[in-house]
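Step one of this worksheet: look at the structure below.
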Amino acid sequence: MKFEVTILGSSSATPIYNRNPTSQVLNINERLYLIDCGEGTQQQMLRFDVRASRIDHIFISHLHGDHYLGLVGLLSSMHLNGRKKPLKLFGPPQLKEVIDLQFKYSETHLQYDIEFTITNPNKAETIIANEDVIVETIPLDHRIACTGFLFREKKRLRKLLKDELERIGVPVEVYTSLKKGADYTNPEGKIYKNDTLTVDSDKPKTYSYCSDTIYNEQYFDQINNSDLLYHEATFLHNMVDRANETYHTTALQAADIAVKTNAKKLLLGHFSARYKTLDELLGEAQSVFPETSLAIEGKTFVV
């Protein structure tokens, strides 16, 4: 099953040095999930061939502008392009007021419904559970209420050993029951155990998106064993006092979090405008956690 994330924006407060404010699109089994929607997200979607019509879920971590100021424009474009199917939107309660106010004074009446779910910054909650993925909120510690999002694959059915099934003549109509773990009894009454006809599916993978937050161990248990951990790394560690003052994290701290939570891979993002190049941030993190990459815009990372 496809499970990958494409970076649309990786800057922090302002667009600079060809870096745009935060936004990502997650592809899970060809369903697209948009995570944050900073200014310029629409242009980035066009640039990297992400079709807005395929996005049915949008997640907004918090109401600092670099994470949501592109949202109303995107919703408007969906309307102008003839969208009819509902859109599921997840975010802080005040987000609905922001959207309603802008549409009120522009006299915009969307042709599609927005199904709004309020996120709770104080408690982890499951907000989606479909056939592909379970999505939970991650309570973070930022200057204003903020949640990350954890995407966990649903466990897939067992995989069929096609050569063995054909060898013993198992009819196609029983394949579904075999995937669910049933044994097979042939017309002569011989029983074939399921584990001789199938193998277990791959272990479900997880993507943890940790938006703006100060270093705080309160969310470590929830993101433990992430296959891919995205964590903000706004500053180098020589600016840790500034990071604490603004409720952000350093690259060194993000790497330490990856170690402490047993992440397989770490993805750094939300870079301060003071850094024209990002090599120092990457090097600092890799000195602690070698499996670290930068959230470079347009790049796709497989979970």
Side-chain angles (χ1 to χ4, degrees), residues 1-6 24-35 49-51 53-59 84-88 90 115 117 124-138 148-209 219-230 258 261-267 291 293 299-303:
M1 183 175 80
K2 182 174 284 189
F3 194 3
E4 60 188 28
V5 59
T6 298
Q24 304 179 3
V25 62
L26 192 59
N27 184 329
I28 304 178
N29 202 21
E30 299 303 340
R31 288 185 177 181
L32 300 189
Y33 301 79
L34 186 69
I35 312 172
D49 196 27
V50 177
R51 293 173 55 193
S53 61
R54 294 183 57 200
I55 294 173
D56 294 332
H57 302 78
I58 298 178
F59 305 85
K84 294 293 193 296
K85 60 180 176 177
L87 177 79
K88 293 179 172 59
F90 304 83
E115 300 173 2
T117 298
E125 295 179 336
T126 297
I127 54 176
I128 292 178
N130 60 35
E131 62 269 27
D132 295 320
V133 66
I134 297 171
V135 185
E136 300 173 5
T137 53
I138 305 171
F149 300 99
L150 186 148
F151 298 80
R152 190 188 314 277
E153 278 185 316
K154 276 282 190 71
K155 176 72 173 174
R156 313 303 288 180
L157 297 177
R158 295 181 65 82
K159 297 180 180 178
L160 302 175
L161 298 174
K162 291 289 184 67
D163 290 345
E164 183 65 10
L165 297 179
E166 292 174 2
R167 186 187 69 80
I168 65 177
V170 177
V172 173
E173 54 266 25
V174 302
Y175 281 9
T176 298
S177 62
L178 292 176
K179 289 180 181 180
K180 294 179 179 179
D183 296 331
Y184 169 65
T185 303
N186 72 6
E188 289 74 39
K190 182 177 180 179
I191 298 174
Y192 293 85
K193 291 295 185 182
N194 186 273
D195 59 9
T196 67
L197 305 175
T198 69
V199 293
D200 198 11
S201 59
D202 297 334
K203 182 181 177 182
K205 294 183 177 181
T206 57
Y207 176 58
S208 295
Y209 174 85
Y219 58 94
F220 285 13
D221 285 345
Q222 188 182 4
I223 66 172
N224 203 39
N225 297 314
S226 297
D227 290 276
L228 180 60
L229 167 62
Y230 168 85
T261 62
N262 196 34
K264 292 184 175 63
K265 294 179 288 186
L266 172 65
L267 191 56
E291 289 299 314
S293 300
K299 191 168 182 179
T300 296
F301 297 87
V302 175
V303 181

Please report the shortest heavy-atom distance between [X] and [Y], naming the atom on each side.
X: S177; Y: V174; result: OG-O, 2.8 Å
X: T126; Y: E136; result: OG1-CG, 3.9 Å
X: T206; Y: D227; result: N-OD2, 2.9 Å
X: P171; Y: Y184; result: CD-OH, 3.4 Å
X: E115; Y: P86; result: OE2-CB, 3.4 Å
X: L157; Y: S201; result: O-CB, 3.2 Å

Please round to the nearest 0.5 Å and tell me the distance separating atom [atom1] of [X] and atom [atom2] of [Y].
X: Y209; Y: L229; atom1: OH; atom2: CG; result: 12.0 Å
X: I191; Y: N186; atom1: CD1; atom2: CG; result: 9.5 Å
X: T261; Y: N225; atom1: OG1; atom2: CG; result: 8.0 Å
X: L267; Y: S208; atom1: CG; atom2: OG; result: 12.0 Å
X: L150; Y: I223; atom1: CG; atom2: CD1; result: 8.5 Å
X: I168; Y: Y192; atom1: CD1; atom2: OH; result: 4.5 Å

Does atom CD (Q222) have a neighbourhood of more than 12 heavy atoms from anything else shown, all under 6.0 Å?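 More than 12 within 6.0 Å, yes.
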I'd like to know whether NZ of K264 has more than 12 heavy-atom contacts from other residues, nucleotides or ligands below 6.0 angstrom. yes
Is K265 reaching over with its side chain to a backbone N or O of V302, donor-acceptor style, under 3.5 angstrom? yes
Could you tell me whether a side-chain N or O of E153 sits under 3.5 Å from a main-chain N or O of K205, the two making a donor and an acceptor? yes
Verify whether the ring centers belonging to F59 and F151 lie closer than 6.0 Å.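 Yes; F151 has its ring centre under 6.0 Å from that of F59.
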Can you check side chain to side chain contact (heavy atoms under 4.5 Å, CB included) on L160 and L178, steps first, answer last? CA-CA 8 Å; L160 302 175; L178 292 176; 3.9 Å; yes
Going through the checks in order, is the side chain to side chain contact (heavy atoms under 4.5 Å, CB included) test met by N27 and R54? CA-CA 10 Å; N27 184 329; R54 294 183 57 200; 4.2 Å; yes
In sequence, state the C-alpha distance, the side-chain angles, and the governing distance for L197 and L161, and then conclude on side chain to side chain contact (heavy atoms under 4.5 Å, CB included). CA-CA 5 Å; L197 305 175; L161 298 174; 5.7 Å; no
Carefully, step by step, assess D56 and K85 under the rule salt bridge (charged side-chain N to carboxylate O under 4.0 Å, His left out). CA-CA 8 Å; D56 294 332; K85 60 180 176 177; 3.1 Å; yes
[X] vs [Y] side-chain heavy atoms within contact, under 4.5 Å:
X: I35; Y: F149; value: yes
X: N130; Y: R31; value: yes
X: F90; Y: T137; value: no
X: M1; Y: K154; value: no

So which pairs with a foot in residues 156-176 pass side-chain hydrogen bond (donor to acceptor under 3.5 Å, both in side chains), sequence neighbours left out?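 Every pair satisfying side-chain hydrogen bond (donor to acceptor under 3.5 Å, both in side chains) with a residue in residues 156-176: D132-R156, R158-N194, R158-T198, K159-D202, E164-R167.
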Residues I128, K88; criterion side chain to side chain contact (heavy atoms under 4.5 Å, CB included); working and verdict: CA-CA 10 Å; I128 292 178; K88 293 179 172 59; 5.7 Å; no
